[in-house]
Structure formats: structure tokens, C-alpha cells
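We count residues from 1, following the sequence as given.
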Amino acid sequence: MTTVAEPTVETGGVLSPQYRALTVGMVALITLVAFESLAVATAMPTVAQALDGLNLYALAFGGPLASGVVAMVVSGTWSDLKGPTRPLWHGTAWFLAGLLIAGLAPSMEILVAGRIIQGFGSGLLTVALYVVVGQLYPARLRPRIFAAFATGWVVPSLVGPAIAGLIVEHTNWRIVFLAVPVIAIPAALVMRPGLARGSAYDVRPGKLWDKRALWAVAAAVGVGLLHYGGQQRGAVQIVLLVVGLAGVIAFAPRLLPSGTFAFGRGLPSVIALRGLVAASGFGAEVFLPLMLTRERGLSPAFAGLVLTVSALSWSAASWYRGRPNQPFSHAVFLQAGMLAILVGIVTAALTLNPDVPVLVGILGWSLTGLGMGTVFPTLSVLVLEYSERDEQGANSSALQLSDSLSTATILAIGGSLFAAMEPHSAVLAYLIAFGLPALLALLGVPAGRRTATA
């Protein structure tokens, strides 16, 4: 067990003098990680064409996703054994190194290597940031800082793709990678004084690369195969998806708390629900702009506006969940949030009918954003509340692993089914694409109640 005591200052907020620099630095890093993820998705078609690397296009996304799975496990163990400071600094360094390698890459192979390094760094630092919150912020401030983290993801979704598009169109795609370190390095340095308060940890015996790390590598291979197989066709696709799914099913339970897949009360249901909310929300989101442009004739800009509206409602809900004196229990908010996601997905899917106004879909999808903004910060608070201080790394790692593994699985399965059905029946293809996430959201409603320990 670590001897670091719970912070004793009981006045002020996350921007009070004691926490200001640390809060600003952490939120800045989260925002940059989010921006880079969205910006790269926008720029990658141009990058692949410029480097003559379309054959490695899928690996440029699946590679960092897989390396991030391994990094999350390593970071969780590292944080519990040595404290979160070292994995945070290492993660930042790996993240920046990967960006530099990708930004200067002379070939697609080098760029993919940079992306894999970047993904490993992202996994290290995001888990470590959760542990920093648990170790250095009092319980009453954790909802506020996690609400700020949520906003750090939402804001880039509003402006990131547009900025990246302008950069690629009018300057050079390399700037998308090389500009981030210019901001990330000062953001990291700003945190140093605040992190110094958490540098005195007991050193516990243990290995970073233990069985869990090996299981993570195996699960990461499964994730990579799912992601790559989802973009293939024919027998190759089926083989890759089956092998990848088998790898995830076989090794994911070894990386998550016992009882996660049975929705055990307390922490196991918190971890399970994180997977459900991510898979349901993001699993449906990828098909909504496609449906609005192809089936309803909207312009890409107007279809993107739908996602902007949901991002705003997500941010508003996260802000509200960060306020003190909430009227209901965490479990009630989680159930309400998952119900909002369910209703939002179903309502948005109704716009597949040409007689349903598009405005209905926009309003419906804003409910999904509202639900995501309610559930995400609530689960982040609960995972620390249910963790002993020397378990915060492992449990924070499990929370984010559940998110990554579930999202990768639903996107691979949903995307493959959509591609197989769309040539025969577009309506049926979209119903499957929205139906699977809706079922997961429905499953998440009773799961929200089981997050309570009594």
C-alpha cells in the first residue's frame, strides 16, 4: 500500500492555486490526445496517398489501438507499484516521439511505426492521469476534474476535423503531427510542480511485464486483427474477424476484474458499463453521418452538424455532473444516461424513413450526447471510489481497456455486417448498424443499477 495521504485541503476548486497548474496541464494533454485522434482520421486519406501506402491504411489506425491496449495494462501496474508520475512522463515522451516520427516519415511504413509508438504513449499517459486524480485530488473534486476531461474530448470533436482539413488542404499534412508537440511540451512542464506533491510513494515489489502484460499483448493482437479484418472482404475477412474476436474473448476477461461479464455488483459493473456505453455510442455514431448523406441527401457539413449538437449536449451533461449537491445517486444517473443513449439511437435511426424530418434525428442524437456526458464522468468517479489506493492504476486501466476492447469489437462486427448487407438492402444494413448499439444501450440500463454496492 502507498503511504500518500488523501489531500487535506478542503477549500477551493480544481482551479484553486493548489491545483490550477496541474488541472490546466492535464486537461491540455487530454485535449491534445483527443485532437490528434480526430485530426489524424481526417488527414489520413491524404497521408496514405502522398506516401503511396493505401495498403497500410487500416494498420495506421489498428496499430495504435492495439499498442494502446498493452500500454494501458503496463501503466496501471506501473502506477500501482511506483506511483503515476513515471508512467505519465514516459507516456508523454512516447506520445511526442511517435508524433515526430509520423510527421517526418519518408514512407508509410515509418509513419505506421510512429503511430504505434504514439498509441503506446497515449495508453500510458491516459491511465496515469486517472491515477493522478485519485492520488492528488480529494473525492469532492474528482467529479469536476473528470467533467473537465470529458470537455477535453468534446471540444476537439467540434473543431478538430475542420482544422485538420484546412491544414491538409492549404498547407502540409505533416503539420497535423508536428504541431501538437509544440503545445504538449509546455502543457507537460506546467504540471511538474503539482506532480511533485505526489512523488513520494512506497516502492512495492512486482514486475511491469507480468502475465497481465502478456495477456494484453494477446488481446492487442486480437484488436488489431478485428480492426484490419473489418476493412477486408471475402474469406480473408471472415478468418481475421473470427481469430481476432477469439483473441479478445479469450484474453479480455483476464485483464478485467472478476465478475465483469456477469455484471457483479460494484466495480465489475462499473467496468462492464464503460464498455457498453462506449460501444453503443461510438458504434452508432460512425453510421449516422453516412446515413444522413447517402439516404437523406444532406451535405457532409450539415451531417457533421448533427455530431456537433451531440458534442455540445455531452459537454453540458459533463459540466452538470461535475457540480456539487447532485439530487440523485450515481446509479440513477447511470440508468438515466443509458436510457437517453438508447432513445437517442432509436430516434436517430428513424430518420432512415424519408417521412421523418431530419430535425427529429438531430434532437434524438443530442439525447445520446446527453447520456454519454452523464455516464462517462460518473463511471470515472466510481472506479476511484471503489478502488484501494494501490489498486487505482489497475482499475483505471481496466476501465479504459473495457472501452477500447468493446468499441473495437462492435465497430468490426457492425462494420462487417453493414458491408455485407448494404448491397442487398440498405435499410436492413442500417437497421443492423443501429440495432446492435441500441441493444447494448438497453443492456446498460439495468447494468447501471448494479454499479451500486447495496
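The closest donor-acceptor contact from the side chain of S269 to the backbone of G266 lies at 3.5 Å or more, if one exists at all. Although no hydrogens or angles enter the test, the distance criterion places no donor-acceptor pair under 3.5 Å between the side chain of S318 and the main chain of A147. Counting only distance, with no hydrogens or angles, the side chain of S313 and the backbone of S366 share a donor-acceptor pair below 3.5 Å. Looking at S315, its side chain never comes within 3.5 Å of a backbone N or O of A311 through a donor-acceptor pair.
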Inset, instruction - Could you walk me through whether Q392 and S79 pass side-chain hydrogen bond (donor to acceptor under 3.5 Å, both in side chains), step by step? - result: CA-CA 8 Å; Q392 290 177 343; S79 296; over 6 Å; no
Inset, instruction - Could you walk me through whether R296 and T351 pass the side-chain hydrogen bond (donor to acceptor under 3.5 Å, both in side chains) test, one step at a time? - result: CA-CA 8 Å; R296 297 303 301 267; T351 58; 5.0 Å; no
Inset, instruction - Any chance you could lay out the side chain to side chain contact (heavy atoms under 4.5 Å, CB included) test for L443 and L439, step after step, and finish with the verdict? - result: CA-CA 6 Å; L443 184 61; L439 286 175; over 6 Å; no
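The CG atom of L273 lies 11.0 Å from the CG atom of L440; values are rounded to the nearest 0.5 Å. Atoms CG and CG, on L399 and L267 in that order, are 8.5 Å from each other to the nearest 0.5 Å. Once rounded to the nearest 0.5 Å, the distance linking OG1 of T126 with CG of L88 reads 10.0 Å. Here CG of L32 is found 9.0 Å from CG of L99. Values are rounded to the nearest 0.5 Å.
Figure legend: R274 and F376 shown without cation-pi pairing, the cationic atom not lying both under 6.0 angstrom from the six-membered ring centre and within 45 degrees of its axis.
None of R321, Q326, H330 except one satisfies the side-chain hydrogen bond (donor to acceptor under 3.5 Å, both in side chains) rule with T378; the exception is R321. Considering F149, Y19, F146 in turn, Y19 is the only one that fulfils the ring pair (Phe, Tyr, Trp, His ring centres under 6.0 Å) rule with Y137.
Ring geometry for F418 against F287 counts as tilted: the plane angle lies between 30° and 60°, on a 0 to 90° scale.
Residues E422 and R294 are paired through a salt bridge, judged by an N-O separation under 4.0 Å between the basic side chain and the carboxylate.
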